[in-house]
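Input: a single structure, listed below in structure tokens.
Side chains are part of it too, since the values below use all heavy atoms of this structure and drop only hydrogens, waters and symmetry mates. Throughout, protein chains are lettered first and strands after them, A, B, ... in sequence-line order, and every chain is numbered starting at 1.
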There are 2 protein chains.
Amino acid sequence: MARTVGSDGERTQAATRDAAAALIARHGYEAMSMRQLAAEVGVQAAALYRYFPTKQDLLYSLMRDHMDGLIESWKAARPAALGPAARLEHFVANHIAFHVARRHSTHVSNMELRSLSRERLSQVLKLRTAYEKELRRILRDGVEDGAFRIDDVALTAMAIIQMITGVIVWFRPDERLSVEEVTRNYLTMTMRLVGANAKQEERHVRDRAEFRAG
Amino acid sequence: MARTVGSDGERTQAATRDAAAALIARHGYEAMSMRQLAAEVGVQAAALYRYFPTKQDLLYSLMRDHMDGLIESWKAARPAALGPAARLEHFVANHIAFHVARRHSTHVSNMELRSLSRERLSQVLKLRTAYEKELRRILRDGVEDGAFRIDDVALTAMAIIQMITGVIVWFRPDERLSVEEVTRNYLTMTMRLVGANAKQEERHVRDRAEFRAG
DNA sequence: GAATGAATTGAACGTTTGTTTTATTATTTA
DNA sequence: TAAATAATAAAACAAACGTTCAATTCATTC
């Protein structure tokens, strides 16, 4: 036996990525064997090495794509000319939407950093830091123009990110709450968390209406 | 070679637990080998099997102890006769103090649930649920007596737990902020998150003073 | 000081691991 | 239709894995 009928490199590679994300999310990177992954894809283990030189290359590729996608998604969603409150709202909404839509790779990116080599770890962390910087910027702007009351911007940024990323730990889309309801709740909690006052909340609601109007 | 001079079962077992928590926290359960663990303890791998029948027994033991300790710690710290706001404050403070003091086993308990067998997983989850129930109770009480403004108690409880457990992801005790400062920040954020109003905040400050006085 | 039990070593077991190599077949190109 | 290339299977590799077992030495008790 060798090449099979209907075999297609691109399809195999894509199927490998999907299956790997799912398996690693469920069992962990170390617990997933290349043979197990290959079986899921419907191929022999050796075939995977045509697309990913090593197991760790596969992991890095998943993480890298996840982070690139996250940053890209925020670049596309972020409003340029709005006030801090409205920008924070967009940030939270985009973050939740992105992560809920990518539960598997989110789990991988959050849990398997320790399986990366030094250089690759620092590459991924660099992207992560850049992303977090966007949030800190929003918070700082909000403090400066009086929209937020925050004691420590860096600490608050970490708290918010932990909170809104944690959605995927308990949230199941087919249960009691919809993504929209969950997002609305987290938006409310976030705005309170940063001490956005009522007056400010009114203002950002107005901003949002203007933004959506065009 | 066989029994070594000064060897002591209890000491070896305790050292094994500590080393295992540290190694699993750093490299993951699957990535830690029994030989690696034994080397850390200063013993041969076979010796570990005198104290833990299998590798998974060791993991379960760590998690079990962690959860038991957490619940025990809350039982000892929780104030009986105070209002929701004061009780919430105690909950958050105790949670952060406990987890910061036990970074390693916290990491293990949060990351390695998937390596447990079905029955053991459900045992640990049962404890976890019981603990979370305590928080939900506080939140519900606060909603009922008007101290908190909360849309969804279950969702808010998860958000708070994710947020305050996340401390150990970024916090290092030897850096910019002390545990006390960090805790104070998280307390403020939590109280705002649940919509505790100023009037209520005053009240719980008074409660706290009374609690500490008596 | 002999007997008993506790603590550990060292070697070995069968599996499984990530990965490489070689051969073979399917598809595409000329 | 022949040649070239892409995609895979099958088998094999050494290394590492969790675990077991018998032998051996330290510590304690009588």
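Considering only heavy atoms from C-beta on, Ser115(A) stays 4.5 Å or farther from Gln56(A) through its side chain.
The phosphate of dA7(D) (OP1 or OP2) has no side-chain N or O of Thr12(A) nearer than 4.0 angstrom. Neither OP1 nor OP2 of dG18(C) sits under 4.0 Å from any side-chain N or O of Thr54(A).
For the residue pair Ser73(A) / Asn94(A), a side-chain donor-acceptor distance below 3.5 Å is found, with atom types taken as modelled. At a cut-off of 3.5 Å, with distance as the only test, a side-chain donor of Thr165(A) or His95(A) sits close to an acceptor on the other residue.
The stretch residues 42-49 of chain B touches DNA chain C through Val43(B), Gln44(B), Ala46(B), Ala47(B), each having a heavy atom under 4.0 angstrom from the strand. Scanning residues 24-36 of chain A for heavy-atom distances under 4.0 Å to DNA chain D yields Arg35(A).
Judged by distance alone, with hydrogens and angles left aside, the side-chain atoms of Ser122(B) form a donor-acceptor pair with the main-chain N or O of Glu119(B) at under 3.5 Å. Put simply, the side chain of Ser61(B) never gets that close to the backbone of Asp57(B): no donor and acceptor are under 3.5 Å apart. A donor-acceptor pair is defined here as one N or O able to donate and one able to accept, closer than 3.5 Å; such a pair exists between the side chain of Glu181(A) and the backbone of Ser178(A).
Rounded to whole angstrom, the span from the OH atom of Tyr51(B) across to the P atom of dT20(D) amounts to 17 Å. At whole-Å resolution of the value, CG in Leu37(A) and C1' in dT17(C) are 14 Å apart. As a whole-Å value, the separation of Gln13(B) CD from dT8(C) P is 11 Å. Atom pair Lys55(A):NZ and dT16(C):P shows a separation of 15 Å (rounding to whole Å applied). For the pair Leu58(B) CG and dT19(D) P, the computed distance is 10 Å after rounding to whole Å. The separation between Phe52(B) atom CZ and dT8(C) atom P is 12 Å, rounded to whole Å. When rounded to the nearest whole Å, the span between CG of Leu59(A) and C1' of dG18(C) equals 14 Å.
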Q) How far apart are the C-alpha atoms of Arg184(A) and Asp151(B), what are their side-chain angles, what is the distance that settles it, and do they pass the salt bridge (Lys or Arg N to Asp or Glu O under 4.0 Å) test? A) CA-CA 10 Å; Arg184(A) 205 177 322 127; Asp151(B) 284 344; over 6 Å; no

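Between Trp170(A) and Tyr186(A), the ring planes lie parallel to each other; the angle is under 30°, not in the 30° to 60° tilted range.
In this structure, Lys55(A) satisfies the cation-pi test against Tyr29(A), with its NZ or CZ atom closer than 6.0 Å to the six-membered ring centre and inside 45 degrees of the ring normal.
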